[in-house]
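Everything numeric in this text was worked out from a predicted model, so none of it was measured.
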Amino acid sequence: MLSIKNLHVSVGDKPILKGLSLEIKAGEVHAIMGPNGAGKSTLSHILSGKPGYTVTEGSVTYFGKDLLEMAPEIRAREGIFLAFQYPVEIPGVSNVYLLKAALNAQRKHHGLPELDAMDFLTLVKSKVKLLQMDEKFLYRAVNEGFSGGEKKRNEILQAALLEPKLCILDETDSGLDIDALRIVSEGVNSLRNAERSFLMITHYQRLLDYIIPNVVHVLADGRIVKSGGPDLALELEEKGYGWLEGRAA
Amino acid sequence: MMAGEHSAQHYLSVYADYADTLPGQDNAFVSNYRQTAWQAFKTLGFPHQRLEEWRFTNLTGLSRANYLPVVSESVDLAWLDTVRLADSWQVVLVNGSFSASLSNLSDLPADVCVQSVREVLQTQPQRVVALLGKAVTVDEHSLIAFNNAWFSDGVFIDIPAGVKLLKPLQIIHVSNVDNSLAVSRQLLVVNQGASAEVVETFVGTASSYFSHAVNECFLQQGAELSWYKVQTEVAGAIHFGGTYVKQAGHSQFKHHNFAFGSLLARSEIHTDLLDAAECELNGLFLGSQRQHLDNHTRINHLQPNGISREFYKGVLDQRARGVFQGRVVVAEQAQKTDSQMNNRNLLLSADAEIDTKPQLEIYADDVKCAHGVTVGQLDEKSVFFLQARGIDTETARHILTFAFANEMVDKVENTDLRSQLVKQLQVHFPAISL
């Protein structure tokens with residue numbers, strides 16, 4: 001579904017990604033680990049279309065289409081979902097309004113009629129229930145005054161409703177205590193199925209205790225320097241990243 | 001001042017033609033009040049920008065135009081119905097004149113007085129004399145003098161002690177003749193322990209006019225008044241609306257100021273607070289194209305234990321210019337005053353402008369006063385967040401701007417008024433759907 005080939009990305013004159021290649025198939029869960037400054041967040045940003053980056057070489061193909069040509073909102077409507085490391089607070093916009101606007105934008109893009117208020121509420125409430133959340137969540141302003149855990153659960157709620165094909169989790173574990181991490185991970189696991197792919201970006205191994213990936217990659221100095229199974233994460237936990245830096249995959 | 005710059009020559013030359021038709025000329029006090037004011041206006045002309053309180057607002061357009069008073073009642077009734085607030089009493093002023101036939105005061109409690117100022121001047125002039133000029137004088141500026149001299153009618157409201165009005169009273173100012181001048185004076189007394197809610201709506205169907213309303217409000221001991229101003233004049237209108245309040249001890253005054261319309265508009269809300277009185281001033285001004293929206297507020301804490309809260313938001317797009325001047329004065333004896341002022345502004349275009357000037361003048365030593373101002377643009381992180389959820393940039397910008405503005409609309413408790421205001425916001429931000 002996603003094919004990244006020899007991707008080079010700069011911010012200003014500074015190269016961040018230096019020839020990154022990655023293949024993700026439908027239903028796979030990939031974890032990207034790596035030291036700070038390796039380019040992990042840049043990868044999530046470039047896939048979701050955040051402005052401020054220049055692609056100098058390489059390609060990203062998503063279901064056969066050039067992803068880099070698409071505006072961020074088109075990528076979202078086509079099924080790419082970025083769960084933000086730092087979800088923004090939007091005072092004055094209720095969660096339910098955001099969810100409805102997002103879902104209807106996606107439906108319109110696919111030539112489907114917009115859901116009316118009743119059908120929408122039924123659907124969104126089923127997702128709230130699935131994630132064992134309180135319905136009051138829906139009527140609060142987006143992330144305003146939410147705890148770190150609530151913000152991340154709210155991201156998962158958005159994903160549950162929008163049913164993405166590729167879900168990018170950017171440092172989803174950051175700022176979570178162990179209980180919140182477990183709850184958020186359960187939410188993510190409930191979204192796993194044979195079609196949906198995940199790209200998990202994380203600094204720490206602990207997230208992978210809860211969301212077990214198919215493949216673990218180590219990103220260092222803008223490239224994937226090693227790939228392996230879930231055991232690789234344990235090895236990294238033990239040895240750190242130092243022994244891999246400077247190696248090519 | 002440059003010769004003729006704000007000389008108001010047109011008004012000086014036509015005043016004599018109208019003076020005799022103005023109400024109260026047969027009353028020595030009122031007639032003298034008008035004459036004194038007109039003498040003052042002749043000397044001063046319209047306010048000019050070298051006056052500190054008018055630094056940011058240029059009235060050249062006003063002195064250039066030749067507005068004239070008119071009498072006309074041919075109002076489109078179906079249109080007027082869309083302006084009327086559900087479940088309210090309404091007074092309709094057409095081009096500054098009280099229209100009994102368009103007003104709706106049925107079931108108003110018998111002891112509550114809501115009448116035309118012109119009529120009260122005929123039947124009980126002493127009631128007008130007792131209030132006229134007691135909350136604002138020509139010392140404020142020459143537009144007050146202009147109103148004193150020219151007001152042709154208005155609404156006289158007296159809520160007896162202990163009476164709590166259960167429905168809002170809406171005052172609808174309609175201007176429907178091109179080039180017209182509508183000058184009205186409202187006098188309102190909320191007696192001891194009484195409470196009332198007033199919604200002041202400014203609308204027009206003519207293409208250009210000058211709408212000029214001065215309100216003097218008197219809150220007696222423990223009285224409560226909520227006042228909503230909804231200024232939705234047409235794009236070619238010039239608007240001046242001032243509300244001047246005297247608050248007795250333990251009274252509560254809440255003002256919500258929504259400035260959406262006009263080419264040039266100035267709002268003034270001034271209040272004097274006595275012992276432990278409270279006031280809350282909220283405002284939202286929303287400008288685009290070449291609109292100029294000036295908001296001038298003053299809170300005078302004259303005695304101890306007063307509380308004031310002020311929160312104004314501005315949203316300015318294209319070449320619009322907004323002004324916020326908020327002044328809080330705490331007199332020497334006004335100990336234990338608790339005052340907060342906040343002004344937040346969103347500039348949506350590189351050509352938009354805001355001039356914001358919060359002022360605290362504190363002469364007491366045991367007070368809690370704070371003020372804050374922000375001027376900013378839409379948060380690009382939030383725009384991207386919405387894009388990442390499939391929402392296009394234009395809609396994302398509208399959603400975020402709407403949310404910023406809607407915080408002030410959300411403070412409105414009356415649901416019908418709130419939905420009218422939300423519709424006004426949607427005119428500005430059409431990409432949102434609610």
Side-chain angles (χ1 to χ4, degrees), chain A residues 44-45 47-53 70-110 114 116-117 141-144 151 154-155 157-159 161-164 167-168 170, chain B residues 258 282-284 286 311-315 342 344-346 348 372 374 376-412 415 418-419 421-426 428-434:
Chain A
S44 73
H45 293 160
L47 293 178
S48 56
K50 188 174 179 177
Y53 298 91
M70 298 182 199
E73 61 269 29
I74 304 297
R75 299 179 197 198
R77 294 172 197 167
E78 288 282 342
I80 290 184
F81 184 95
L82 171 65
F84 282 70
Q85 182 179 4
Y86 303 109
V88 297
E89 297 189 13
I90 314 184
V93 177
S94 68
N95 251 332
V96 71
Y97 180 87
L98 167 70
L99 291 165
K100 192 169 177 219
L103 183 65
N104 279 333
Q106 186 191 70
R107 290 179 63 90
K108 204 172 160 194
H109 179 75
H110 292 291
E114 294 192 356
D116 67 28
V142 177
N143 296 327
E144 190 183 33
K151 284 182 183 174
N154 206 23
E155 296 287 283
L157 173 63
Q158 291 156 29
L161 182 76
L162 296 173
E163 303 189 329
C167 196
I168 303 164
D170 188 3
Chain B
F258 295 97
N282 296 305
L284 172 65
L286 215 61
F311 190 18
Y312 264 70
K313 277 188 166 185
V315 178
N342 197 349
R344 295 181 59 199
N345 303 287
L346 196 53
L348 300 177
T374 60
Q377 289 151 12
L378 280 181
D379 176 23
E380 289 303 322
K381 278 184 196 156
S382 300
V383 174
F384 177 67
F385 176 82
L386 293 174
Q387 279 184 283
R389 296 294 171 263
I391 296 163
D392 65 86
T393 42
E394 191 197 359
T395 305
R397 286 173 186 284
H398 283 200
I399 288 174
L400 295 170
T401 314
F402 174 84
F404 178 85
N406 194 43
E407 187 185 354
M408 303 316 292
V409 173
D410 263 344
K411 291 178 187 286
V412 175
T415 50
R418 202 168 57 230
S419 71
L421 291 164
V422 166
K423 276 182 199 146
Q424 288 291 331
L425 295 186
Q426 280 179 297
H428 281 77
F429 316 116
I432 61 161
S433 61
L434 294 173

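Taking every heavy atom of both residues into account, A:Ala76 and B:Ala388 meet most closely at CB-O, 3.4 Å. The heavy-atom pair separating A:Pro91 from B:Ala403 by the smallest distance is O-CB, 3.4 Å. Pairing each heavy atom of B:Ser382 with each of A:Glu89, the nearest pair is OG-O, 4.4 Å. In terms of heavy-atom proximity, B:Phe384 sits nearest to A:Ser48 at CZ-OG, 3.6 Å.
For chain B, no part of A:Gln106 is nearby; none of its heavy atoms comes within less than 4.5 Å.
Looking at residues two or more places apart in sequence or on another chain, you find a side chain to side chain donor-acceptor pair (under 3.5 Å) between A:Asn95 and A:Asn154. The salt bridge (Lys or Arg N to Asp or Glu O under 4.0 Å) check on B:Arg389 picks up A:Glu155, with sequence neighbours excluded.
Ranked by heavy-atom pairs under 4.5 Å with chain B, the list A:Ala105, A:Pro72, A:Pro51 is led by A:Pro72. Ranked by heavy-atom pairs shorter than 4.5 Å toward chain A, the options B:Asp410, B:Leu400, B:Asn406, B:Ile399 are led by B:Ile399.
In this structure, A:Leu98 and B:Ile391 have side chains that are in contact, with non-hydrogen atoms separated by less than 4.5 Å. Residues A:Val93 and B:Leu386 have side chains not in contact (no heavy-atom distance under 4.5 Å, counting atoms from C-beta outward).
With rounding to the nearest 0.5 angstrom, the NZ atom of B:Lys381 is 7.0 Å from the NZ atom of A:Lys50.
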